[in-house]
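Note sheet for the following structure.
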Amino acid sequence: MMKKVGILFGMEDTYPWAFIERVNQIGDGKVKAEAVQIDKVQQGIDYGYHVIIDRISQEVPFYRSYLKNAALMGTAVINNPFWWSADEKFFNNCLSVQLGVPVPKTVLLPSKERPDDTTEKSFRNLRAPLDWDYMFDYIGFPAYMKPHSGGGWKSVYKVESPEDLFAKHGETEQLVMMLQEEIVFDDYYRVYCLGQKYVHIMPYEPRNEFHLRYATESKIKGDEHKKLMKTIHDLTIKLNKALGYDFNTVEFAVRNGIPYAIDFCNPAPDADINSVGQQNFDWIVEHSAKLAVEKAKAHKAKKNNCTWGTFLQEAISGPKGTRPAGLKTASEAKKTVLKKPVAKKKVAPTKKSPTKN
């Protein structure tokens, strides 16, 4: 049976077509790729894709709902649309702390303006004023203020002082923001991670113009560089396994030899040849095509073929290799022999002794 791979995309023009071409080259006649075609979306209907690479649903809610239906019917959607809908940057930082991955010191800020259909009474649990002095002492200045969810460097502010923060916070309207320590870095890297196993580390300079951000090289050399690359590789795998992403980028700012994870929720990362450059473009096309073919061949009909992170897996069933006491596996339950109840012997009633008053 021919397995079908689709890619869902918007304004991209270099990566999707190169991806389709490469899948069709290595699919060996058993896996075929195409741009996803949608002419209707009926509930509970399987529209025939074994794998879909999602590059656009974060911007088009209609596509996100389409992908959830596809995932329910057995399509391996990359990335998992259910988790991607729930994920946000502040939670990722919280999880990183638990995982032991270095991240900048961060606090969450409520939106400057109240959300629609709320009143002051809706915020009776929020103390006024907030403990700004504590937060400012903890984070320090200068610092960065950015949305707690979303990406693309949108609404990111560098703030120099409390006064500067309050002025810029006033521009953010209903966005929930987070305030983050500035990491003055010696080196910076952006890392592709595919299938939680294919890792490509790219020197990156976020202070350059967009089209020149990959036009840089590592500042650290020799054995120190090798050690750093190993650390970045391992932290990237750890983060993506916990989050459950199969197609993501992680950004690390290196300060005093320590790589701090700055941004690691990029499930539709830039893959345009004009910004990432030929070498990085060739890598992402080759390995994403390879991953798609692997997923297509591993597809199981009428099963959930999406990837779920260890955070969710362990929240449901406990750490791998453990289960709540007293619970049996399905195979153990089948082997269980129900014991017949033991018949109770009838005992003749005894005469009661009279009670003395």
Side-chain angles (χ1 to χ4, degrees), residues 51-55 57-58 64-65 67-68 70-72 74-108 146-151 176-178 180-181 189-201 230-253 258-269 288 291 294-295 298 300 303-325 327 329:
V51 178
I52 293 178
I53 305 292
D54 172 24
R55 304 284 296 164
S57 76
Q58 75 278 9
R64 179 61 58 86
S65 197
L67 290 171
K68 288 179 178 177
L72 184 65
T75 302
V77 180
I78 301 174
N79 288 290
N80 185 327
F82 298 100
W83 174 245
W84 195 355
S85 297
D87 194 18
E88 41 96 322
K89 292 180 182 296
F90 184 73
F91 169 77
N92 288 350
N93 267 57
C94 300
L95 181 60
S96 298
V97 171
Q98 193 176 67
L99 293 171
V101 176
V103 288
K105 292 181 287 187
T106 306
V107 294
L108 188 67
K146 60 182 73 170
H148 86 302
S149 182
V176 175
M177 306 296 284
M178 58 187 196
Q180 195 166 74
E181 164 194 21
Y189 298 90
R190 199 164 204 233
V191 188
Y192 279 129
C193 186
L194 294 176
Q196 302 172 17
K197 59 182 178 180
Y198 301 125
V199 174
H200 182 58
I201 303 173
K230 175 68 165 57
T231 300
I232 287 176
H233 174 278
D234 293 349
L235 292 178
T236 298
I237 294 292
K238 179 181 283 190
L239 284 168
N240 281 279
K241 281 187 174 181
L243 294 168
Y245 285 127
D246 278 316
F247 196 145
N248 194 13
T249 53
V250 180
E251 293 182 18
F252 290 97
I258 299 174
Y260 290 82
I262 299 295
D263 190 4
F264 39 99
C265 179
N266 295 292
S288 60
L291 176 64
E294 290 172 354
K295 290 280 189 180
K300 294 181 180 179
K303 299 290 183 181
N304 188 316
N305 289 284
C306 287
T307 298
W308 298 88
T310 55
F311 164 72
L312 285 179
Q313 292 175 20
E314 292 178 5
I316 295 168
S317 60
K320 189 174 181 180
T322 67
R323 64 178 186 274
L327 293 183
T329 64

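The chain is numbered in sequence order, starting from 1. For the numbers below, each heavy atom of this structure counts, side chains included, while hydrogens, waters and symmetry mates do not. Please read all numbers here as calculations on a predicted model, not as lab measurements.
Atom CG of Asp54 is separated from atom CG of Asn79 by 7.5 Å, given to the nearest 0.5 angstrom. Atoms CD1 and CD, from Ile262 and Glu181 in turn, are 8.5 Å apart once rounded to the nearest 0.5 Å. The SG atom of Cys265 sits 4.0 Å away from the OH atom of Tyr245 when rounded to the nearest 0.5 Å. Rounded to the nearest 0.5 Å, atoms CD1 (Ile53) and CG (Asp246) are 8.5 Å apart. Between the NZ atom of Lys230 and the CG atom of Leu235 there is a distance of 9.5 Å, given to the nearest 0.5 Å. For the atom pair OG1 (Thr307) and CZ (Phe247), the distance works out to 13.5 Å, reported to the nearest 0.5 Å.
Residues Leu108 and His148 form a side-chain contact, since some pair of their non-hydrogen atoms from C-beta on lies under 4.5 Å apart.
In this structure, the side chain of Arg55 engages the main chain of Pro269 through a donor-acceptor pair within 3.5 Å. The closest donor-acceptor contact from the side chain of Asn240 to the backbone of Thr236 lies under 3.5 Å.
Salt bridge present: Lys89 and Asp263 bring a charged side-chain N and a carboxylate O closer than 4.0 Å.
Other residues, nucleotides and ligands contribute only 12 or fewer heavy atoms inside 6.0 Å of the NZ atom of Lys241.
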Fill in: Intermediate values then yes/no, side-chain contact (heavy atoms from CB on, under 4.5 Å), Ile78 and Leu291
CA-CA 10 Å; Ile78 301 174; Leu291 176 64; 4.3 Å; yes
Can you give the donor-acceptor pairs under 3.5 Å from side chains of residues 93-105 to other protein atoms, not counting sequence neighbours?
from	atom 1	to	atom 2	distance (Å)
Asn93	ND2	Thr106	OG1	3.2
Ser96	OG	Asn92	O	2.8
Lys105	NZ	Tyr138	O	3.0

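Scored by the salt bridge (Lys or Arg N to Asp or Glu O under 4.0 Å) test, Glu294 finds Lys197 as partners (sequence neighbours excluded). By the side-chain hydrogen bond (donor to acceptor under 3.5 Å, both in side chains) test, Asn80 is found to be paired with no residue, residues two or more places apart in sequence or in another chain being considered.
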